[in-house]
Trainee: 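Sharing a structure, written as structure tokens. Questions coming.
Not measured: the values here are computed from a predicted model. Proteins come first, then strands; the chains are lettered A, B, ... in the order of their sequence lines, and each starts at number 1.
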Amino acid sequence: MASGHMSVEEVKKHTRIYWVIFSSLLLLTGVTVGISYIHLPFTYAVILALVVASTKASLVALYFMHLISEKAVIYFTLALTAFFFVFLIIIPWFIPWDFATH
Amino acid sequence: MTHAEHTHSGHHEMPFWRKYIFSIDHKVIGLQYGITATFFLLFGFFLMILMRWQLAYPGVEIPFIGKALTETGALTPDLYNALGAMHGTIMIFLGVVPMAVGAFGNYLVPLQVGAQDMAFPKLNMMSYWVYFVGGVVMMSSFLMPGGAAASGWTSYPPLSVTANNAQTVWLLAMVFLITSSLLGSINTIVTAVQLRAKGLSFMRWPVHVWAQVATAFLLLLAFPPLEGAAVLQLVDRVFGSSFFLPSGLYIDGAKASVAGGGNPLLWQHLFWFLAHPEVYVLILPAVGVISEIISTNSRKPIYGYKTMVYSILFLGFMSFVVWAHHMFMTGMGVTLSSFFQATTMIISIPSVIILTTLLLTLWGASIRFTVPMLFALAFLPMFAIGGLTGLPLGLTASDIHLHDTYYVIGHFHYVVAPGTLFALMGGVYFWYPKITGRQMNQFLGKLHFWLSFVAINFVFMPMFLMGSKGVSRRLYDQTGYSHGAATQSWNVIMSTAAFVLLLAQIPFLYNMFTSWKWGKKVENDNPWEATTLEWAASSPPPHENFPTPVEVYREPYSYSPTSRKVRPQFSQQEA
Amino acid sequence: MSVQIPYIDEPHPVTGVTNAKLGVWLFLASEVMLFGALFSALITLRLGVNDWPHGYDILNVPLATLNTVVLIFSSVTVVMAWASLKMQNLSRFRTYMVLTILCSFIFLAVKAVEYGHKFEHGISPATSNFYAIYFVITGLHGLHIIGGIIVNAYLLGPGSRMWKTQPERFTGRIECAGLYWHFVDLVWIFLFPILYLL
Amino acid sequence: MMEQLSNAWKNVLDRKGFDYGLPIDISTHGAAIDRLITTLHYFMALLFIGWGIYLVYCLVRFRDREGHQADVSEKHFGVPKYLEMGIVIFEACLLVFFSYPVWAKLKTDFPDRANSLVVRVVAEQFAWNIHYPGRDGKFGKTSIDLIDGTNPVGLDREDADAKDDIVTINQLVVPVGKPVIVELSAKDVIHGFFLPVARVKHDAIPGMTFPLWFETKEVGEFQIACAQLCGVGHYKMMGQFLVKTPEDFEQWHLDEEKALTE
């Protein structure tokens, strides 16, 4: 965000957005809980849950954390982190499950 | 500009404990790191001397101190394993990293970017004290009944989970050390990026600053997974969960009473996700230090500064995606191993480029054989050996034979001991006049260098021969194996050389302590005629480093083409 | 102190951020990797066994949903606290900050009820790996909540004196505390469906 | 002490009891591994000596002296670029033509089980338990509940398939010239199954069973080593690795069977 110098009007506009985001987050929470009661097949349930969670997370990051208008140095740090995070999160698929004795 | 007087009065007002113990001055904290790390390096070295005695003369009583350690005076296998684990842990996490990142990074980065201090001075103090507590906790594990952690510095479960309570202490200490590194790395990055002097654009950073920033990013992003893994192992040990324990374990003559369902390989992945970048945490600051020393002492710019910078960044980046080459022998299939072999081969390229760049800097130079330069020059072939011997370990087929043998030990010790440690020792000689205003004794320095250089090669070179024969690492006594017995003579030679190496550090330590008071005073603030900003500060620098703000006028490593004069970054004149 | 650190209240002209803001983002980057490792562990454990339970069968979904709402609400209040300062309104800042801290305590209380319920039934990390990872991730998240309470309480109380002398710097601090708090919320946003709803 | 040191020097210079380089290789796949290791070391030596000569030359020619001036002009050398490209290509070749084929063969190209000797190797602190399926070629049922001092792998002798199973401790006996498939597992902690002379190494990890294979071409008495730190007895966790002629192997098998019925 344009930290430092914002007029009061601008801030006011922001605060209205915050409440809109809040309602969307509430709605999405309802959606994801609702879906869980349907007991979908596991794969679909995972995909849906992750899609909803990612949407919620994006809203928080973009608007509450002001990532929608952040500086390059922050984007750079986060892009780097995101790249390595991907490697971290695929570790489970690096384990040779074929040889596991259950 | 009344800053100067202001500070001086400020200095004297500060009580001793504020100035030297709980100091927030990056220079004092850097020295605190340096002194503590030196202690740990010597201690870790001493542990290895005990182990080397056992390896050379298995089961023979250790002279003088043996009886104080064990009943028979010889090491027991238990104690040997504990010393091995603690040697690795202390050297890496309590010695080399705090020295390279804590001491050199802390002392030099603010000076080299022209800042008055780190961006977060109190955080800086905290990171030192968290490290200190981590060190104390780690050392306290020696007092545990049953001795210190004995599952290797890698702490592979299930061995580590079922080991005695010292392992819990080890994990706790690791959590402290990791936290300290995280705080430090945040500070380094923010300082280097935000507090740059006027005119110091990124591409004017000294190579050492680039190296420290790359290192800080590695620590920042690679350490947390190990912290997570350490927490999981702690919970396994303390609360009896089974994150790393599979079902159907049969330990100590009984079925293990755990829920099971975990996986030992999970630890290995999370561990190496840190521990491979960690290798570059050890080497990158050394490359930075070496670049400064070589450029200054060959009186010419680094060959291809940009290439150097990009190589360092690329090296840091790639170091995150090679970790599983430590795990080729854990059932890895063809696809995955090909990927990790390929990345491993790719990561060798920037290493070669860095080495080539430094070697080419020497072409057309005017080489001054000062003590720091001797260490820097020795670093080049030593780092080459360490790097090259990584190739057979990075290819699965050759790794089948060499994995977990002495070959591996030789490989990484060449990188870290005559590599990083030589670089850091050179760095001590190089920046000593800045820190104290006095030079270290050149004769003692040369004695230290030549003895260390010869001895260290006799310690590590035979490891390649033993490893090629297939001698496994971490053996309390290798003579039970036929190939171990056949190569046992090498152990006698290596152990003797290790002892000589220990003796060779005496002139260094003596030199370091006595020169503080009695060393030759430097005539000006830039005795080596170097180009970077730290030489603009007085020696030793005052609390605020630069009473009047410095300005940067040019790239680092600029020398006059016609005279033997230097063109420092902070000087406007075209000498 | 004569040592002067620039860019503590105004952004650096090139990078456009203050020291603290860059520092907090770097810290959050490392936190991402920390929780990433734990989620990675969770997936590994789950892939490794055939009988991984459904969270909704053994955990209390309504309570967790309540906690989700509480945490989201606290995220709004903390960003509103910052916006109030931007509008030079210290008393409204105080109200929102009090609300934030209140939400944190509600969250912890609900968590305590949940934990207590499990302990009553003799459930611990040793029971199964599902509970083990559940306790570790939610426990670590809980510790982050406690950390947030300490920071926010400090900024509400003694820390707010800075408003009088260095309002810009104080606003920056609130923004940084807010970033951290949003991150804690963000972790929960993933943690909630993965542990409770799948 | 000095005497021991000089003896040690004499030993290593006389190569008493060993040659420099790799140990003998009795496996059919080992030659490819050795070729890779040797090639790599020639390559490394070449690079190292090249760099070394260059370095020494620079140190002499460009030493600081009266009247010598460093040349600070921005130079660009073409040679290093070609050198680096050469290294890249060479490494790629090693990976594709040397390393990959060996690994692919060992991991995917298993010999026919019917024509191979299939054995289970169960590692424990601090011994190697070798489980042979016997004449019927079928492993009997095993259970963790049956493990005790005399039954290290928990073999259920009541099971029909188990009647002729042979279990040895620290003794892996194989016939020369016949492929051997090892099913590797561990009971307690991670061990490293290492046959230096057969260029076989793999971690034995509890909760997992890894298949390995190798084929011998020479008869002899060798050792199994443990490569992975497994605790206090790691250094003495060694076993015999006996490669026998088919006839001797048959005789050994008969002896073991006889011992079973007694």
Trainee: Are C:V110 and C:V70 packed together at the side-chain level, in the sense that at least one heavy-atom pair is separated by less than 4.5 angstrom?
Mentor: no
Trainee: For a quick test of reading the model, state the closest non-hydrogen atom pair linking C:T15 to B:Q194 and the distance between them.
Mentor: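 Nearest heavy atoms, C:T15 then B:Q194: OG1-OE1, 2.5 Å.
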Trainee: Looking only at heavy atoms, which of residues 186-193 of chain B get nearer than 4.5 Å to chain C?
Mentor: B:I186, B:I189, B:V190, B:V193
Trainee: For chain C, which candidate among B:P121, B:S242, B:A119, B:G228 shows the most heavy-atom pairs at distances under 4.5 Å?
Mentor: B:S242
Trainee: Are C:F130 and C:W52 close enough that their ring centers fall under 6.0 Å?
Mentor: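 For C:F130 and C:W52, the ring centres are under 6.0 Å apart.
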Trainee: Under a 4.5 Å cutoff for heavy-atom pairs, which residue among B:S185, B:S201, B:A115, B:P225 has the most contacts with chain C?
Mentor: B:P225
Trainee: Are side-chain N/O atoms of B:S155 and B:Q233 paired as donor and acceptor at under 3.5 Å?
Mentor: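 Side chains of B:S155 and B:Q233: no pair found under 3.5 Å.
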Trainee: What part of B:L221 is in contact with chain C, defined as an atom under 4.5 angstrom from a non-hydrogen atom: side chain, backbone, both or neither?
Mentor: both
Trainee: Side chain, backbone, both or neither: which part of C:V24 has a non-hydrogen atom closer than 4.5 Å to chain B?
Mentor: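 Contact with chain B: none, neither part.
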Trainee: Look at C:L140, C:I133, C:T127 and state which one has the largest set of heavy-atom pairs under 4.5 Å with chain B.
Mentor: C:I133
Trainee: Can you tell me which portion of B:F223 sits under 4.5 Å from chain C's heavy atoms? Options are side chain, backbone, both or neither.
Mentor: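 Neither part.
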Trainee: What are the two closest heavy atoms between B:M332 and B:M327, and how far apart are they?
Mentor: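 Nearest pair, atom of B:M332 first, then B:M327: CE-O, 3.6 Å.
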Trainee: Assign the ring pair B:H269 / B:W323 to parallel, tilted or perpendicular, where the plane angle (0 to 90°) is split at 30° and 60°.
Mentor: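 The rings of B:H269 and B:W323 stand perpendicular, inter-plane angle above 60°.
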Trainee: Here's one to test your reading of the geometry: is the NZ or CZ of B:R237 within 45 degrees of the ring axis of B:F244 and under 6.0 Å from its centre?
Mentor: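 Here B:R237 fails the 6.0 Å and 45° test against B:F244.
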Trainee: Within residues 181-198 of chain C, which residues come under 4.5 Å of chain B, heavy atom to heavy atom?
Mentor: none
Trainee: Hey, does C:P158 have a side-chain heavy atom less than 4.5 Å from the side chain of C:Y154?
Mentor: yes
Trainee: Atom OH of residue position C:Y180 - does it have more than 12 heavy atoms of other residues, nucleotides or ligands inside 6.0 Å?
Mentor: yes
Trainee: Can you label the angle between the B:F202 ring and the B:W210 ring as parallel, tilted or perpendicular, going by 30° and 60°?
Mentor: tilted
Trainee: Once the angle between the rings of C:H117 and C:H121 is folded into 0 to 90°, is it parallel (under 30°), tilted (30 to 60°) or perpendicular (over 60°)?
Mentor: tilted
Trainee: Against chain C, label B:L270 side chain, backbone, both or neither, depending on which of its atoms sit under 4.5 Å from a heavy atom there.
Mentor: side chain
Trainee: Taking side chain as everything from C-beta outward and backbone as N, CA, C, O, which of these in C:T44 sits under 4.5 Å from a heavy atom of chain B? Side chain, backbone, both or neither.
Mentor: side chain
Trainee: Please confirm whether the backbone N or O of B:G316 pairs with a side-chain atom of B:S319, one donor and one acceptor, at under 3.5 Å?
Mentor: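 Confirmed, B:S319 side chain pairs with B:G316 backbone.
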Trainee: Among C:L22, C:N19, C:L34, who wins on heavy-atom pairs under 4.5 Å with chain B?
Mentor: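 Option with the top pair count is C:N19.
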Trainee: Hey, are the side chains of C:D9 and C:T18 touching, using non-hydrogen atoms and a 4.5 Å cut-off?
Mentor: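 Side chain of C:D9 against side chain of C:T18, heavy atoms only: no contact under 4.5 Å found.
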Trainee: Verify the ring-centre separation between B:F239 and C:Y131: is it less than 6.0 angstrom?
Mentor: no
Trainee: Counting heavy-atom pairs under 4.5 Å with chain B, which one of C:G139, C:A126, C:A41 comes out on top?
Mentor: C:A126
